[in-house]
Amino acid sequence: MSESHVWGEVDAYFTAHLAPDDEALAAALRDSDAAGLPHINVAGNQGKLLQLLAQIQGARHILEIGTLGGYSTIWLGRALPADGRLVSLEYDPRHAEVAVRNIARAGLDKLVEVRVGPALESLPKLADENPPPFDLVFIDADKANNPHYVEWAIRLTSTGSLIVLDNVVRGGRVLDADSTAPDVMGTRAAIELIAAHPRLSGTAIQTVGMKGYDGFALARVLA
């Protein structure tokens with residue numbers, strides 16, 4: 001059995017026992033697949049991790065950058081109290097249309113708002129609304145703009161908030177300091193920003209599983 005196959009089997013075992021999809025989650029994946037969305041959503045056990053992080057935070061306000069079909073949005077939205085709010089930013093109108101349907105079917109349409117357009121245009125508009133600080137920010141969008149998303153996350157949060165940056169290992173390509181690939185350059189810049197920023201304390205974790213070899217960064221916002 002190949003190493004990558006073992007990773008997938010272990011993920012499947014953990015997910016089946018600890019983070020099984022219910023009908024709303026399974027339907028979100030089916031509809032995303034039927035609509036031709038790329039297979040880049042988080043795995044079930046990763047979605048459960050996001051939910052647990054939001055619950056540990058006691059999150060009432062969540063910002064997600066990169067909605068895709070709404071699978072991770074559902075996991076996060078389920079961590080919110082009845083008067084909570086999740087704003088999810090999605091570049092592609094077709095993806096957003098699928099996500100809105102999936103979120104409504106999960107019964108979260110009163111808590112979740114999907115905003116369509118480039119995130120770097122949506123974020124200043126969101127800031128102009130002077131929303132309450134977001135308790136958790138999940139960044140899973142175009143990797144080239146990761147440092148900009150982290151900067152906006154800092155601006156839209158407060159002391160104690162948590163920033164989660166997905167897909168930071170890039171199959172190990174993050175090591176290549178000479179890479180001109182936008183995803184690698186953006187990810188390295190974001191990691192270096194987290195390391196140097198006086199208001200952030202962070203770390204990064206490598207992962208293996210059904211999504212291959214990758215990882216995520218966590219950063220806590222300081223005073």
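Excluded from the calculations below are hydrogen atoms, water molecules and symmetry mates; all remaining heavy atoms, backbone and side chain alike, are included.
Between the OG1 atom of Thr67 and the CD atom of Glu97 there is a distance of 13.5 Å, given to the nearest 0.5 Å.
Contacts classified as ring-ring contact (aromatic ring centres under 6.0 Å, His included) and involving residues 158-203 (residues at least two apart or in different chains) are not found.
Of the residues Ile139, Ile65, Leu120, the one that meets the side-chain contact (heavy atoms from CB on, under 4.5 Å) test with Asn145 is Leu120. Each of Val137, Ile163, Asp142, Leu165 was checked for a side-chain contact (heavy atoms from CB on, under 4.5 Å) with Tyr149, and the lone residue meeting it is Asp142.
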>> Apply salt bridge (Lys or Arg N to Asp or Glu O under 4.0 Å) to residues Asp83 and Arg60 and explain how you reach the verdict.
In response: CA-CA 8 Å; Asp83 60 347; Arg60 301 179 65 85; 2.3 Å; yes
>> Does Lys143 form a side chain to side chain contact (heavy atoms under 4.5 Å, CB included) with Asn146? I'd like the steps, not just the answer.
In response: CA-CA 5 Å; Lys143 311 309 174 187; Asn146 273 343; 3.8 Å; yes
> side chain to side chain contact (heavy atoms under 4.5 Å, CB included) between Lys211 and Val42: does it pass, once the steps are laid out?
Replying inline: CA-CA 8 Å; Lys211 294 297 179 179; Val42 301; over 6 Å; no
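The existence of a salt bridge linking Arg115 and Glu121 is excluded, since no basic side-chain nitrogen approaches an acidic carboxylate oxygen closer than 4.0 Å. A salt bridge between Arg101 and Asp31 is absent, with no side-chain N of the basic residue lying under 4.0 Å from a carboxylate O of the acidic one. Of the charged side-chain nitrogens involved, at least one lies within less than 4.0 Å of a carboxylate oxygen, so that Asp22 and Arg78 count as a salt-bridged pair.
Around CZ of Arg199, the count of heavy atoms belonging to other residues, nucleotides or ligands within 6.0 Å exceeds 12. Within a 6.0 Å radius of OH in Tyr91, no more than 12 heavy atoms belonging to other residues, nucleotides or ligands are found.
The two residues Ile194 and Ala219 have their closest heavy-atom pair at CG2-CB, 4.1 Å. Asp11 and Gly209 make their closest contact through OD2-CA, 3.2 Å (heavy atoms, listed as atom of the first residue, atom of the second, distance). Contact record, Ile191 with Ala217: CD1-CB, 4.0 Å, taken as the closest heavy-atom pair. Listed here is the closest heavy atom pair of Ala35 and Val98: CB-CG2, 3.6 Å. For the residue pair Glu90 and Ala96, the shortest heavy atom distance occurs at CG-N, 3.8 Å.
The aromatic rings of Tyr213 and Trp7 sit tilted relative to each other, their planes meeting at an angle between 30° and 60°.
Between the side chain of Asp166 and the main chain of Phe216, no donor-acceptor pair closer than 3.5 Å is present.
Using a 4.5 Å cut-off on side-chain heavy atoms (C-beta onward), Leu76 and Leu136 make contact. Side-chain contact between Asp183 and Asn167 is absent, with no heavy atoms from C-beta onward closer than 4.5 Å. At least one side-chain heavy atom of Glu64 sits under 4.5 Å from a side-chain heavy atom of Ser72. Contact check for Leu126 versus Phe134: side-chain heavy atoms found under the 4.5 Å cut-off. Leu123 is listed as a side-chain neighbour of Leu156, based on a closest heavy-atom distance under 4.5 Å. Looking only at side-chain heavy atoms (C-beta outward), Pro38 and Leu68 come within less than 4.5 Å of each other. Between Leu25 and Trp75 the shortest side-chain heavy-atom distance falls below 4.5 Å. With contacts defined as side-chain heavy-atom distances shorter than 4.5 Å, the pair Asp140/Asn41 does not qualify.
Listed by chain and number, the residues in a ring pair (Phe, Tyr, Trp, His ring centres under 6.0 Å) with Phe14 amount to none (sequence neighbours excluded). Here Asp214 pairs with nothing under the salt bridge (charged side-chain N to carboxylate O under 4.0 Å, His left out) rule; sequence neighbours left out.
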